[in-house]
Asker: 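A single structure is presented below for examination.
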Amino acid sequence: MKDFTPSQLNYLIKNGSRLLEATVKKNNKLFCRRCLMEITKLPIPYQYCRNCINLGKISVNNQLIITPTDIKYPTQDQYLQWQGQLTTNQANGVRELLMAFKKHQDHLIWAVTGAGKTEMIFPLIEAALEDHQRVAICSPRVDVCIELFPRIQDVFPNTTVGLFHGKSEESYHQTQIVLATVHQLIRFEKAFDVLIIDEVDSYPLAGNEMLHKAIKKAPKTKGMTVYLSATPPQELLTAVKKGELTLTKLYQRFHGHPLPEPQCHLLFKNLNFFGINPRLRLKINQMIRHKQRFMLFFPQIPTMKSFAKQLTKLYPTLTFVDVSSKDEQRLAKVQRFREKKVQAILTTTILERGVTFKKITVIVLNADAVEFSKTSLIQIAGRAGRGKDSFDDEVHFYYQYYNRQIKQACAEIHELNRQARK
């Protein structure tokens, strides 16, 4: 929240801003105008919205400034400056996407991990910019936004691009392209002509009513919303069946090779048996001997931390980092792995999607844990084989019990590869 002086307030209103009540009454209930969630009455005289308090406290007596979004952006000779080339499948998908854009129709791109969804949105963004429109690209994960930011800057070098998230040191300013976490959409109302939501099935977006309301509130009346996902939630698939969304499906990765299918390994004893389970040590020994870079995924932070201590003890020359959602140095550590300054990275599901590394082996430990759903196992497996020269990266699942989520994840990956061969 920001308090304005009377002169600042007058200036904003003269330039098209609207001053509105911060709360709205409907059916004898009080709702926050910013996040659209109901304000539950507290046993105190000072009532406020607790749902979006991390963006600043809004009380029932506050007012909100809604700034105008109909800004005339400068015309450019060339908006998109990309030297890459779309595959036949990608080009077909782009045609469907641009058709939806012309009809102001919401659209779902359902594509396997590594299919090149990001490259497919380049022509859509170009079409929006040519019409002097405003675009937002959002993801539930900070890591995804940070990785995408330089890529968008590179291909749209003469367009203003802003990166905004909870950890950003950059204060908000008006840009034609906005890259942001979905939480930041709470700040916007009818602001974007094209809204692109990446990883729509990912935590913390999945099942979060407030964030889904923010997605509905952010586009303009005739704006379009594009959803990108390798594992779309059922509600989007239902919307497709009802004709509320148009659909593009891609079964094949951009390089034309199949998805790496996981190799499954039964651990007869616990992961920490003899420090590190001997069956797993065989694989670690092999990777260290061949100087193979690898990712180890864990279901819980304590399990990861305990394993890291054993790894240091048993392999003192191995260089690695460990990251989780609670790690303030996470972004820097991920960058160290990306720059090949360490051989391995230990992580929780925080890196299950949205990050790309090449020539790596992906290993899921305790793959039968409840924290690993079918969707997360598919996403984790999708971290492997993303490069043209490393399409055959290995994926390994280690577990004590072969359960439904492991079976379903392996079966779905196999089915996607079968569909791609048709």
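What you are looking at is a predicted structure, and each value in this text was computed from that prediction instead of being measured.
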Asker: NZ of Lys213 to CG of Leu36: how many Å apart, nearest 0.5 Å?
Answerer: 6.0 Å
Asker: Applying salt bridge (Lys or Arg N to Asp or Glu O under 4.0 Å), can you list everything that pairs with Arg330, at least two apart in sequence or on another chain?
Answerer: Asp143
Asker: State, to 0.1 Å, how close Ala218 and Leu195 come at their nearest heavy-atom pair, and which atoms those are.
Answerer: CB-CD2, 4.2 Å
Asker: Would you say Lys217's side chain and Phe188's backbone share a donor-acceptor pair under 3.5 angstrom?
Answerer: yes
Asker: Counting distance only, does the side-chain N/O of Gln343 pair as donor-acceptor with the main-chain N or O of Phe294 below 3.5 Å?
Answerer: no
Asker: Could you check if a side-chain atom of Val112 sits within less than 4.5 angstrom of a side-chain atom of Leu250, using non-hydrogen atoms only?
Answerer: no
Asker: Side chains of Arg34 and Leu55: does their closest heavy-atom pair fall under 4.5 Å?
Answerer: yes
Asker: Can you name the ring-ring contact (aromatic ring centres under 6.0 Å, His included) partners of Tyr73, sequence neighbours left out?
Answerer: none
Asker: Would you please say whether a donor-acceptor pair under 3.5 Å links the side chains of Gln47 and Ser59?
Answerer: no
Asker: Would you give the length of the straight line joining atom CG of Asn366 to atom CG of Leu267, rounded to the nearest 0.5 angstrom?
Answerer: 7.5 Å
Asker: With sequence neighbours excluded, what pairs up with Tyr251 under the side chain to side chain donor-acceptor pair (under 3.5 Å) test?
Answerer: Lys249
Asker: Check residues 309-316 and write down every donor-acceptor pair under 3.5 Å in which the side-chain atom is one partner and the other belongs to a residue at least two apart or another chain.
Answerer:
unit_1 : atom_1 : unit_2 : atom_2 : d
Thr312 : OG1    : Ala308 : O      : 3.0
Tyr315 : OH     : Arg281 : NE     : 3.3
Tyr315 : OH     : Asn285 : OD1    : 2.6

Asker: Nearest 0.5 Å please: distance from the CG atom of Leu129 over to the CG atom of Leu80.
Answerer: 9.0 Å
Asker: Between Lys333 and Glu328, is the closest basic N to carboxylate O distance under 4.0 Å?
Answerer: no
Asker: Within a radius of less than 6.0 Å around CZ of Arg289, do more than 12 heavy atoms belonging to other residues, nucleotides or ligands occur?
Answerer: yes
Asker: Is the shortest side-chain heavy-atom distance between Ile380 and Val362 below 4.5 Å?
Answerer: yes
Asker: Testing the basics here: between Met37 and Glu209, what is the closest heavy-atom pair and its distance to 0.1 Å?
Answerer: CE-OE1, 3.8 Å
Asker: Just verifying a value: how many Å separate Ser229 OG and Asp201 CG, rounded to the nearest 0.5 Å?
Answerer: 3.5 Å
Asker: Do Glu199 and Ser139 get their side chains close enough for a donor-acceptor pair, meaning under 3.5 Å?
Answerer: no
Asker: Kindly write out the residues that satisfy ring-ring contact (aromatic ring centres under 6.0 Å, His included) with Phe122, not counting sequence neighbours, or none if the list is empty.
Answerer: Trp82
Asker: Looking at Phe274 and Pro278, what are the two nearest heavy atoms and their distance?
Answerer: CD1-CG, 4.1 Å
Asker: With side chain to side chain contact (heavy atoms under 4.5 Å, CB included) as the test, would you mind laying out the steps for Lys269 and Gln400 before giving the verdict?
Answerer: CA-CA 7 Å; Lys269 297 290 185 178; Gln400 284 190 272; 5.5 Å; no
Asker: Answer yes or no: is there an ion pair linking Arg383 with Glu352, defined by an N-O contact shorter than 4.0 Å?
Answerer: no
Asker: Indicate yes or no: at least one non-hydrogen side-chain atom of Met224 is less than 4.5 angstrom from one of Lys102.
Answerer: no
Asker: Under a 4.5 Å cut-off applied to non-hydrogen side-chain atoms, are Ile146 and His165 in contact?
Answerer: yes
Asker: For the pair Trp110 (side chain) and Leu247 (backbone), establish whether a donor and an acceptor sit closer than 3.5 Å, ignoring hydrogens and angles.
Answerer: no
Asker: Taking NZ in Lys358 as the centre, count heavy atoms belonging to other residues, nucleotides or ligands within less than 6.0 Å. Is the count above 12?
Answerer: no
Asker: Taking atom OH as the centre, does Tyr401 end up with more than 12 heavy-atom neighbours from other residues, nucleotides or ligands that are less than 6.0 angstrom away?
Answerer: no
Asker: What pairs with His265 under ring-ring contact (aromatic ring centres under 6.0 Å, His included), at least two apart in sequence or on another chain?
Answerer: His396, Tyr398
Asker: Do Asp193 and Arg134 meet the salt-bridge criterion of a basic N to acidic O distance under 4.0 Å?
Answerer: no
Asker: Would you mind telling me which of Thr181, Val200, Asp198 makes a side-chain contact (heavy atoms from CB on, under 4.5 Å) with Leu205?
Answerer: Val200
Asker: Thr113 vs Arg353, test: side-chain hydrogen bond (donor to acceptor under 3.5 Å, both in side chains). Steps then yes/no.
Answerer: CA-CA 9 Å; Thr113 56; Arg353 61 183 76 213; over 6 Å; no
Asker: Quick one: pull up CG in Asn270 and CD1 in Ile276 and give me the separation to the nearest 0.5 Å.
Answerer: 13.5 Å
Asker: Could you tell me which non-hydrogen atom of Ile58 sits nearest to which non-hydrogen atom of Cys32, and how far apart they are?
Answerer: CD1-SG, 4.2 Å
Asker: Is there a side-chain contact between Ile125 and Val155 in this structure, where contact means two heavy atoms from C-beta onward sitting under 4.5 Å apart?
Answerer: no
Asker: Suppose we screen for side chain to side chain donor-acceptor pair (under 3.5 Å). Which residues come up paired with Ser376, at least two apart in sequence or across chains?
Answerer: Ser373
Asker: Do Gln329 and Asp327 have side-chain N/O donor and acceptor atoms under 3.5 Å apart?
Answerer: no
Asker: Once side-chain hydrogen bond (donor to acceptor under 3.5 Å, both in side chains) is applied, what residue pairs with a partner in residues 408-417 remain, sequence neighbours excluded?
Answerer: Glu261-His414, Glu261-Asn417, Lys374-Glu412, Glu415-Arg418, Glu415-Gln419
Asker: If we only count heavy atoms from C-beta on, is the Tyr399 to Cys264 side-chain gap below 4.5 Å?
Answerer: yes
Asker: Begin with the C-alpha distance, continue with both residues' side-chain angles, and end with the deciding distance and a verdict on side chain to side chain contact (heavy atoms under 4.5 Å, CB included) for Thr248 and Met120.
Answerer: CA-CA 11 Å; Thr248 291; Met120 286 179 64; 4.3 Å; yes
Asker: Do we see a donor-acceptor contact under 3.5 Å between the side chains of Arg33 and Thr23?
Answerer: no
Asker: Identify the heavy atoms of Asn51 and Asn54 that sit nearest to each other, and give their distance.
Answerer: O-OD1, 4.3 Å
Asker: Can you list every ring-ring contact (aromatic ring centres under 6.0 Å, His included) pair that touches residues 325-370, not counting sequence neighbours?
Answerer: Phe337-Phe357
Asker: Side chains of Gln184 and Arg187: is there a donor and an acceptor less than 3.5 Å apart?
Answerer: yes
Asker: With sequence neighbours excluded, tell me which residues meet side chain to side chain donor-acceptor pair (under 3.5 Å) with Gln300.
Answerer: Thr303, Glu371
Asker: Of all residues at least two apart in sequence or in a different chain, which pass the ring-ring contact (aromatic ring centres under 6.0 Å, His included) check with Phe254?
Answerer: none
Asker: As an exercise, state the distance from CD1 of Ile378 to CG of Leu259, rounded to the nearest 0.5 Å.
Answerer: 9.5 Å
Asker: Please list, chain by chain and in numerical order, all residues satisfying side chain to side chain donor-acceptor pair (under 3.5 Å) with Arg338, sequence neighbours excluded.
Answerer: Glu147, Gln335
Asker: Is any side-chain heavy atom of Gln405 closer than 4.5 Å to one of Leu377?
Answerer: yes
Asker: Can you give me the closest heavy-atom contact between Asp393 and Pro260, atom names plus distance?
Answerer: O-CB, 3.4 Å
